[in-house]
Amino acid sequence: MPKSRIRKKADFTPPPEKKATNIDLRGGGRRWVAPLMLAMFGIGLAWIVVFYVTSSSLPIEALGNWNIVVGFGFIATGFVVSTQWK
């Protein structure tokens with residue numbers, strides 16, 4: 001039986017080096033996102049807490065239980081703003 005040919009392995013070539021990417025540590029152009037997001041969370045939480053602590057006489061008595069929806073609206077706005085954070 002004839003002997004099979006031996007294949008020569010290709011020489012090892014290392015992969016090309018990856019270049020480091022520059023990261024902008026100055027915050028970019030969206031410095032307003034984090035303070036606004038935290039403000040919306042804080043206002044929403046404060047709105048709901050004030051509503052419960054004052055037995056629904058504050059912040060706006062005419063809204064009644066809709067004050068809870070307003071507070072959660074501020075919190076939801078904070079989450080929407082948070083999607084812009086980089």
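When reading the values below, keep in mind they use all heavy atoms of this one structure, side chains included, and skip hydrogens, waters and symmetry mates. Quantities reported herein were computed from a predicted structural model and do not represent experimental measurements.
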(request) Check whether any side-chain heavy atom of N65 lies under 4.5 Å from a side-chain heavy atom of F51, and answer yes or no. (result) yes
(request) Kindly indicate whether the side chain of T77, heavy atoms from C-beta on, has any atom under 4.5 Å from the side chain of F74. (result)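 They are not in contact (no side-chain heavy atoms under 4.5 Å apart), so the answer is no.
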(message) Hydrophobic cluster membership, with links at side-chain heavy-atom distances under 4.5 Å among I/L/V/M/F/W/Y: are V49 and Y52 in one?
(response)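 No, V49 and Y52 fall in different hydrophobic clusters.
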(message) Same cluster or not: F72 versus L45, using hydrophobic residues (I, L, V, M, F, W, Y) connected whenever any side-chain heavy atoms lie under 4.5 Å apart?
(response)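 Different clusters: F72 never reaches L45 through Ile, Leu, Val, Met, Phe, Trp or Tyr contacts under 4.5 Å.
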(message) Tell me the closest heavy-atom pair linking V81 and V33, and the distance in Å.
(response)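 Reported closest heavy-atom pair: O-CG1, 3.5 Å.
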(message) To check you understand the geometry: which heavy-atom pair defines the closest contact between I75 and F41, and what is its length?
(response) O-CE2, 3.4 Å
Nearest 0.5 angstrom please: [X] [atom1] to [Y] [atom2], how far?
{"X": "I43", "Y": "L36", "atom1": "CD1", "atom2": "CG", "value": "8.5 Å"}
{"X": "F79", "Y": "M37", "atom1": "CZ", "atom2": "CE", "value": "9.0 Å"}
{"X": "I68", "Y": "W47", "atom1": "CD1", "atom2": "CH2", "value": "12.5 Å"}

(message) For the backbone of I60 and the side chain of N67, can you confirm whether one donor and one acceptor N or O come within less than 3.5 Å of each other?
(response) yes
(request) Could you tell me whether a side-chain N or O of W85 sits under 3.5 Å from a main-chain N or O of A34, the two making a donor and an acceptor? (result)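 A pair under 3.5 Å: no.
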(message) I'd like to know whether CD of Q84 has more than 12 heavy-atom contacts from other residues, nucleotides or ligands below 6.0 angstrom.
(response) yes
